[in-house]
Amino acid sequence: GPLKVGIVGVTGAVGQEIISVLHKRGFEVSELKLFASARSSGKPMDTPFGSLMIEEFELEAARSCDVLFLAVSGDFALEWVPKLTAEGGPLVIDNSSAFRYDDSVPLCVPEINADVARKSKKRLVANPNCTTAIALMALAPLHKLFGIKRCIMSTYQAASGAGAPGMRELEEGVAAMSRGEKAENSVFAHPLPFNVIPHIDKFLDDMYTKEERKVTWETRKIMGMPDLLVSCTCVRIPTLRAHAEAITIECEKPVDVAAAIEALKNSPGVKVTDDPAANIYPMPLTATGQYDVEVGRVRKNDVFGDYGLDLFVCGDQLLRGAALNAVLIAEAVA
Ligand code: 2RA
């Protein structure tokens, strides 16, 4: 039946998308509570559910919900999740990385491992990193078919990964440069327009970035393959809100491109976008705003003899990468 739903961080890019996904998917909402910081609260917000007052986050009001989406920082989650999920609290779906690597917390892409979230006694489910969720929409069906031994990935990540401020910095930078002025940067380490930045999140001791290791850690956890070999290079590029990813896998069994395409065509959340003769392949331009992740450029990779497969994946970072995946978790678990 209808549920009382709360969204914390409702004025951010992900929070905004959660409202529109709830409505578009016809999620049965008895009441929608919008929570934000003191600075952003106390004013109405137009939503498909009507004009709703933005409230300052408050523990008991948030605990009164049946489902609570957190679209805020990891620090906020670390501080409030224990109190929110105490006895009698809501199902909490956290978009931050705060609890993703906690063995007792399910990390869920519903099309792949919804049962892990359903079986959990915890009233907390972690939403995966956007880059991981988008890649896994293609990797999970391919693993079922051929058994993946190792994976090498290069990503082309949109400014929306840094939220509305990231998108704004890119847009303002492009406008500045078109006026012959310098693009300013504070969100990203360097100006993004007409550039690419191989640096997302902080550098670790192994010289990977935390973003790159999140892909490794989270792929292993969601696929239930703790020893899977995954190496990723994560690069910020000047697109607004769709991540693109070039993926190479080495499989246990010999790969067959036609079988791969067929399996991908039958995978929920995937749209095979692969007709090179017609210049059809995944692109941010066409993947943006879509619920399905585009998969194409599927081809045998002879570097691994008969066992290699290359593909290119593109998905909306705010949807599959965050808001859509979170709402699908609520549909599967609540
Ligand atoms: C990014 N995946 O793209 C990270 C966090 N959303 O910035």
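Order of listing sets the numbers, starting from 1, for every ligand and every atom in it. What you are looking at is a predicted structure, and each value in this text was computed from that prediction instead of being measured.
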(Q) Side chains of N185 and E169 only: does a donor on one sit below 3.5 Å from an acceptor on the other? (A) no

Q.
Which label fits F312 and Y156: parallel for a plane angle under 30°, tilted from 30 to 60°, or perpendicular past 60°?
A. tilted

Q: Spell out, as yes or no, whether a donor-acceptor pair under 3.5 Å connects the side chain of S160 to the backbone of G163.
A: no

Q) Does atom NZ of K83 have more than 12 heavy-atom neighbours from other groups under 6.0 Å away? A) yes

(Q) Whether R150 and E250 form a salt bridge (side-chain N of Lys/Arg under 4.0 Å from carboxylate O of Asp/Glu) is what I want to check. (A) yes

Please tabulate, one line per pair, the protein N or O atoms found under 3.5 Å from any N or O atom of ligand 1, giving the distance to one decimal.
residue, atom, partner, partner atom, Å
ligand 1, 2 (N), N129, ND2, 3.2
ligand 1, 2 (N), E211, OE1, 3.3
ligand 1, 2 (N), E211, OE2, 2.6
ligand 1, 3 (O), Q157, NE2, 3.1
ligand 1, 3 (O), R236, NH1, 3.1
ligand 1, 3 (O), H243, NE2, 3.4
ligand 1, 6 (N), G161, O, 3.1
ligand 1, 7 (O), G161, O, 3.1
ligand 1, 7 (O), R236, NH1, 3.4
ligand 1, 7 (O), R236, NH2, 2.5

Q | Any residue meeting salt bridge (Lys or Arg N to Asp or Glu O under 4.0 Å) with K253, in chain and number order, not counting sequence neighbours | A | none

